Amino acid sequence: MSNNLPKRDSFGSKFGVIAAAAGSAVGLGNIWKFPYITGENGGGAFLIIYLVCIALIGLPIMLSEFSLGRKANLNVFGAFKKLAPGKSWYWSGVLFNTAAFTIMSYYAVVAGWIFAYIPRSISGSLAGQDFSEAFKALNSNTWEPLIWSFIVLGITTFFIYSGIKKGIERYTKILMPLLLILMIILIVRSLTLPNAVDGLEFLFAPEWDKLTPSGVLEALGHAFFSLSLGMGVMMTYGSYIKKSVNLQTMSLQVVIADTMIALMAGIIIFPAVFAYKLAPDSGPGLIFVTLPGVFKEMPGGMIFQTLFFSLLGIAALTSTMSLVEVVVSSITEQLKIARKKAVFLVVGVMALLVIPNSLSYGLLADNKIFGKTVFGLLDFMASNIFLPVGGLLISLFVGWVIKVKNLKSEITNNGKLPFKWHGIYKFIIKYIAPVAIFIILLYATKLLETFGVL
Ligand code: TRP
């Protein structure tokens, strides 16, 4: 190597790359949020719009992130510096890294609650309680949720400590198939409950009159969050992908895997909720309050509840790995710090940031900033501002700065692969994606409401 840096790590196998990228995409967004927002927005109708957003915007941006990352073969800062030398684009790295810290600081808290539910499910201690009270007792407590979040950070550290091939890839290759098996078991259980069809109808039958303009925009916003786009995760992972991998097929596979898992989560949750006549639209409490009600009624319920929270824990961990990796790769390469040291440093800072988020439901519940708790504010800023701005920057960068023609050789592996969708891709990245994202941003920052448009 010319620059005295140690050889860059990379993914070893094609399956490993897909497991890692799909592992990042599949998370709390799919299993908890997707079913609930789909139910609220008219089921099938929302689903169709969401699928259109995924295919039209999500897929081209995913391909852009992968190919930018692989072309540069560097972390997000390095990539922008290398691809647009002398320009200020590398400042995007600041946004991406800030988003990683922000998302991680509350994602680890929710993941912590999920881990807290695993021993409760195994011991059956939840069954005799009021589920809503039990959930409140957990999240308003000072120490218990904090300790669980630290455990989540600890396990994430363990997974990514050893690098890409021996860390992230090695574990996601085991965890992702395990997640799939657990989900299939739960689907069989759910579909064999009485009146399972009602739940499926709720999820799939389009009721167009329930779909609102804000629902359409919510679908677009959720497409970003669910596919882990707009924060440089796929750029960073792209930088570890070998030159022989077909990035077009890969993007398609990751998008399909993410969408399938979201649909499977819906197929697990709704038939069960309907079979026991519970509310499908109970929001954030759906998995912590409504589902324990479902499992309580079900034969062998505690076993299935343990499986469910374990699989959610797995899904959350493969996502937290990717969030930490964006920052770790940035500082190891930009500041030339050894990887292991960098992992501890990053996770240490994240642990500090977790504290106010974890206390947001207890000690700090009354400390509001702009009318929101720390948790609420950071969640809002990350998903509604940082990610859409990140996605906007990526589409503008590809469409207008380095231009699709200069990315073409990366996408086609130097002309070895066909690029059938070239024209459509270019049109979307240059025009459709930036305009659509701009609209989400306006919506998300509530400007449209102020103007009375929504
Ligand atoms: N996509 C994950 C989910 O659905 C969350 C996630 C992981 C994420 N890394 C991200 C979201 C980067 C946005 C950006 O739960």
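First listed ligand is number 1; within each ligand, the first listed atom is number 1. These figures come from a predicted structure and were not determined experimentally. For the single chain, residues carry numbers from 1 onward in sequence order.
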Answer yes or no: is there a side-chain heavy-atom contact under 4.5 Å between L396 and W89? yes
Does some side-chain heavy atom of L311 sit less than 4.5 Å from a side-chain heavy atom of M183? yes
Do the charged groups of K242 and E169 touch, with an N to O distance under 4.0 Å? no
Which pairs of N or O atoms, one from ligand 1 and one from the protein, are separated by less than 3.5 Å, and what is the distance for each pair?
from     : atom 1 : to   : atom 2 : distance (Å)
ligand 1 : 1 (N)  : S24  : O      : 3.4
ligand 1 : 1 (N)  : A25  : O      : 2.9
ligand 1 : 1 (N)  : F225 : O      : 2.8
ligand 1 : 1 (N)  : S226 : O      : 3.1
ligand 1 : 1 (N)  : S228 : OG     : 3.0
ligand 1 : 4 (O)  : A25  : O      : 3.0
ligand 1 : 4 (O)  : G29  : N      : 3.4
ligand 1 : 4 (O)  : N30  : OD1    : 3.2
ligand 1 : 9 (N)  : S228 : OG     : 3.3
ligand 1 : 15 (O) : L28  : N      : 3.0
ligand 1 : 15 (O) : G29  : N      : 2.9
ligand 1 : 15 (O) : Y107 : OH     : 2.6

Check whether any side-chain heavy atom of L364 lies under 4.5 Å from a side-chain heavy atom of P356, and answer yes or no. yes
Side chains of Y171 and T318 only: does a donor on one sit below 3.5 Å from an acceptor on the other? no
Is a donor from one side chain sitting under 3.5 angstrom from an acceptor on the other, for S228 and S24? yes
